[in-house]
Colleague: 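Sharing a structure, written as structure tokens. Questions coming.
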Amino acid sequence: MSKVPSLTLNNGVAMPQLGFGVWQVPDDEAAKAVGAALEAGYRSIDTAAIYENEEGTGRAVAASGIAREELFITTKLWNGSSVTWTRDAVLREFDASLKKLGLDHVDLYLIHWPRAMREDYLTIWKTFTEIEQSGRAKAVGVSNFKAPQLSRVIEESGVVPAVNQVELHPQLQQAELRAFHAEHGIRTEAWSPLGQGKGLLEVPTVVAIAQKHGRTPAQVVLRWHLQTGNVVIPKSVTPSRIAENFDVFGFELDDEDMLAMAALDEGKRLGPDPDGFDWN
Ligand code: NAD
């Protein structure tokens with residue numbers, strides 16, 4: 001049995017709280033990295049159409065021989081072209097992702113960005129709910145949405161996204177958005193959970209807590225996410241780090257550590273602010 005705890009989504013589906021992300025990993029390398037992650041014990045993988053590594057991810061999944069029901073595979077619709085999204089276009093993209101992954105269903109399908117100024121996320125969302133009903137995605141959710149867009153999709157469709165995957169790490173703790181999620185039964189999934197390895201892992205507070213527990217700064221940050229209630233999907237292509245990032249269930253941060261981590265919030269984004277942000 002996996003040592004990774006699961007969180008129950010608002011439709012009853014169980015999602016591992018720790019998964020493995022593959023952004024910016026070329027297809028062949030992704031196949032190796034996902035293979036190493038599955039070997040290390042991860043069962044949840046986060047890819048996306050725009051990462052162009054769904055095929056490599058799918059190859060690693062197939063080669064692992066792990067039973068499909070033990071795995072939790074997430075991919076995302078790249079809704080960043082200048083296309084005005086229709087139901088047919090969404091279904092076509094979804095089919096293409098399934099084909100590349102070599103799967104007959106995914107566990108979670110996400111709208112990658114709201115592109116809030118275009119408002120076609122509403123059409124996309126309605127099609128997503130249809131995909132969920134068909135069983136080809138066990139759950140559907142969104143990414144990079146803020147409260148106003150979440151409210152709109154809930155009001156217009158009556159279906160609450162299972163997950164909102166957003167940039168979140170100790171230097172961008174997203175307290176307000178997390179409170180909104182909690183109020184509506186949306187799970188918070190943290191992207192760039194390690195702050196992309198840029199600076200966060202050298203912050204003296206993080207280093208000191210790591211020394212106190214005889215752990216690494218990355219493990220401390222991942223523990224903080226788990227104890228905060230986030231789903232977390234760190235990325236690495238280095239097998240030793242892949243294993244290190246999974247080895248976070250043998251210790252706990254105490255109240256003093258959690259308070260010190262809370263003080264690191266500085267609203268620091270590494271990625272774009274979704275407001276006004278349009279991908280083409
Ligand atoms: P991350 O915070 O997981 O950091 C990854 C980087 O941290 C690595 O490239 C490496 O340099 C370093 N690192 C990893 N493990 C380490 C360790 N143990 N010790 C020291 N350094 C270590 O960054 P990320 O890849 O941006 O985010 C994780 C995943 O989130 C992505 O792979 C992707 O799946 C997802 N994501 C989603 C979106 C979105 O718009 N939905 C955007 C960005 C990322």
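We count ligands from 1, going down the list as the structure has it; atoms in each ligand are counted the same way. Just so you know, residue 1 is the first one in the sequence shown, and it goes up from there. On a predicted model such as this, the values are computed, not experimentally measured, just so you know.
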Colleague: Applying the ring pair (Phe, Tyr, Trp, His ring centres under 6.0 Å) test to Phe145, which of Tyr121, Trp113, Trp125 qualifies?
Modeller: Tyr121
Colleague: To which of Ala190, Ser240, Ser192, Ala243 does the heavy atom nearest atom 23 (O) of ligand 1 belong?
Modeller: Ser192
Colleague: For Asp46, take its heavy atoms, then give the atoms of ligand 1 lying under 4.0 Å from any of them.
Modeller: 33 (C), 34 (O), 35 (C)
Colleague: Work out whether the distance between some heavy atom of Gly195 and some atom of ligand 1 is less than 4.0 Å.
Modeller: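 The answer is yes: ligand 1 sits under 4.0 Å from a heavy atom of Gly195.
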Colleague: Which of the numbered atoms in ligand 1 are under 4.0 angstrom from any heavy atom belonging to Glu244?
Modeller: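 Reading through ligand 1 atom by atom, the close ones are 17 (C), 18 (N), 19 (N).
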Colleague: Under 4.0 Å from a heavy atom of Leu201: which atoms of ligand 1 are those, numbered in the order shown and with their elements?
Modeller: 20 (C), 21 (N)
Colleague: Evaluating non-hydrogen atoms only, which member of Ile233, Leu194, Leu270 is closest to atom 2 (O) of ligand 1?
Modeller: Leu194
Colleague: Would you call Asp27-Lys100 a salt bridge at under 4.0 Å N-O?
Modeller: no
Colleague: Mark the output for Thr216 as yes if a heavy-atom distance to ligand 1 is under 4.0 Å, and as no if none is.
Modeller: no
Colleague: Could you list the atoms of ligand 1 found under 4.0 angstrom from a heavy atom of Val22?
Modeller: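 Those atoms are 32 (O), 34 (O).
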Colleague: Test your reading of the model: is there a side-chain donor-acceptor pair from Arg87 to the backbone of Thr123, 3.5 Å cut-off?
Modeller: no
Colleague: Taking only non-hydrogen atoms of Tyr51, do any sit less than 4.0 angstrom from ligand 1?
Modeller: yes
Colleague: Counting from 1, what ligand 1 atoms have a heavy atom of Gly21 closer than 4.0 Å?
Modeller: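 Numbered from 1, ligand 1 contributes 32 (O), 34 (O).
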Colleague: Can you check whether Ala31's main-chain N or O pairs, donor with acceptor, with Asn53's side chain at less than 3.5 Å?
Modeller: no
